Amino acid sequence: MLLKTEADTAQLARTLAGLARAGDAILLSGPLGAGKSVFARAFLRNFCAAPDMEVPSPTYTLVQAYDSPTATAYHFDLWRLGSVEELDELGWDDACEGVMLVEWPERLEDMTPPDALHITLMVGADGNRRVTLAGWADRFPPQPATLLEPGV
């Protein structure tokens, strides 16, 4: 899908937040500046039903937890993860019971959840972002582009 604006990225995130449930993992891949943080903020605000909630990047803390009406949401930024063994110290096992949003999931190695939704964000030469989704096929409408439409 083509994401022409940050608003498109946020709309996709809000739509996917409406489909997320306890036990889900959403893995965000892409280079710096691709829109992972924009996606994460919109997702967490919608999932937690808190549109004005502050969502700082967990770049230095590596993980932030957020209460929501249905499950605790965990936002991981694994850019600075030293080794996969550090996930235990970050509460990975408890986070698996909630909804996990993981930036830089390449660092998970063999800890990658098997049923995760993989989202890859890329920036084209024209400045537009392109997103690829893999997983959750049973939750998506027949035309995935409709995920960008409000109320889907």
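We use all heavy atoms of the structure for the numbers below, so side chains are in, but hydrogens, waters and symmetry mates are not. Model, not experiment: these values are computed from the prediction.
Although no hydrogens or angles enter the test, the distance criterion places a donor-acceptor pair under 3.5 Å between the side chain of Arg129 and the main chain of Gly33. Panel note: side chain Lys36, backbone Pro31; a donor-acceptor pair is recorded below 3.5 Å. A donor-acceptor contact shorter than 3.5 Å links the side chain of Thr15 to the backbone of Gln11. Under a 3.5 Å cut-off, the side chain of Asp24 and the backbone N or O of Ala20 do not form any donor-acceptor pair. Judged by distance alone, with hydrogens and angles left aside, the side-chain atoms of Asp8 form no donor-acceptor pair with the main-chain N or O of Leu3 at under 3.5 Å. In this structure a side-chain-to-backbone donor-acceptor pair under 3.5 Å is missing from Arg130 to Leu2.
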task: Just do the side chain to side chain contact (heavy atoms under 4.5 Å, CB included) check on Val99 and Tyr74 with the steps written out, would you?
output: CA-CA 6 Å; Val99 171; Tyr74 297 87; over 6 Å; no
task: Kindly indicate, with the supporting measurements, whether the criterion side chain to side chain contact (heavy atoms under 4.5 Å, CB included) is fulfilled by Leu27 and Thr120.
output: CA-CA 8 Å; Leu27 310 180; Thr120 303; over 6 Å; no
message: Using side chain to side chain contact (heavy atoms under 4.5 Å, CB included), reason through His118 and Ser29 one step at a time and then give a plain yes or no.
response: CA-CA 8 Å; His118 296 260; Ser29 297; 6.0 Å; no
task: Assess whether side chain to side chain contact (heavy atoms under 4.5 Å, CB included) is satisfied between Ile26 and Met100, documenting all intermediate values.
output: CA-CA 6 Å; Ile26 298 150; Met100 296 187 300; over 6 Å; no
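When all heavy atoms of Ala73 and Phe47 are compared, the pair lying nearest together is CB-CD2, 3.9 Å. Residues Pro51 and Arg45 come closest through the heavy atom pair O-CD, 3.4 Å. The two atoms that bring Cys48 and Pro69 nearest to each other are O-CD, 3.8 Å, heavy atoms only. Here the closest non-hydrogen pair linking Glu103 and Ala40 is OE2-CB, 4.0 Å. Between Ala34 and Val123, the shortest heavy-atom contact is CA-CG2, 3.6 Å.
There is a path of hydrophobic side-chain contacts, each under 4.5 Å, that joins Val55 to Leu16. In terms of hydrophobic clustering, with Ile, Leu, Val, Met, Phe, Trp and Tyr side chains grouped at heavy-atom distances under 4.5 Å, Met111 and Leu62 are assigned to a common cluster. Under a hydrophobic clustering in which Ile, Leu, Val, Met, Phe, Trp and Tyr are joined whenever their side-chain heavy atoms come within less than 4.5 Å, directly or via other members, Tyr66 and Val38 fall into different clusters. Clustering ILVMFWY residues whenever any of their side-chain heavy atoms sit less than 4.5 angstrom apart, transitively, puts Met122 in a cluster other than the one holding Trp104.
Remark: Met1 CE to Ile119 CD1 distance equals 8.5 Å, nearest 0.5 Å. Asp94 contributes atom CG, which lies 9.5 Å from atom OG1 of Thr72 (distance to the nearest 0.5 angstrom). Atoms CG and CG, from Leu81 and Leu90 in turn, are 6.5 Å apart once rounded to the nearest 0.5 Å. Atom CG of Leu87 is separated from atom CG of Leu78 by 6.0 Å, given to the nearest 0.5 angstrom. Taking CG of Leu117 as the start and CG of Leu101 as the end, the distance is 10.0 Å to the nearest 0.5 Å.
Ring pair Phe76/Trp92: centre-to-centre distance below 6.0 Å.
Surrounding CD of Glu86 are more than 12 heavy atoms belonging to other residues, nucleotides or ligands, all under 6.0 Å away. Counted within 6.0 Å of CG on Asp126, heavy atoms from surrounding residues, nucleotides or ligands total more than 12; the atom is thus considered enclosed.
The side-chain heavy atoms of Val102 and Asp77, taken from C-beta on, include no pair separated by under 4.5 Å. For the pair Arg107/Val84, no side-chain contact is recorded, criterion being any heavy-atom separation below 4.5 Å from C-beta on.
With sequence neighbours excluded, the residues that form a side-chain contact (heavy atoms from CB on, under 4.5 Å) with Asp93 are Asp88.
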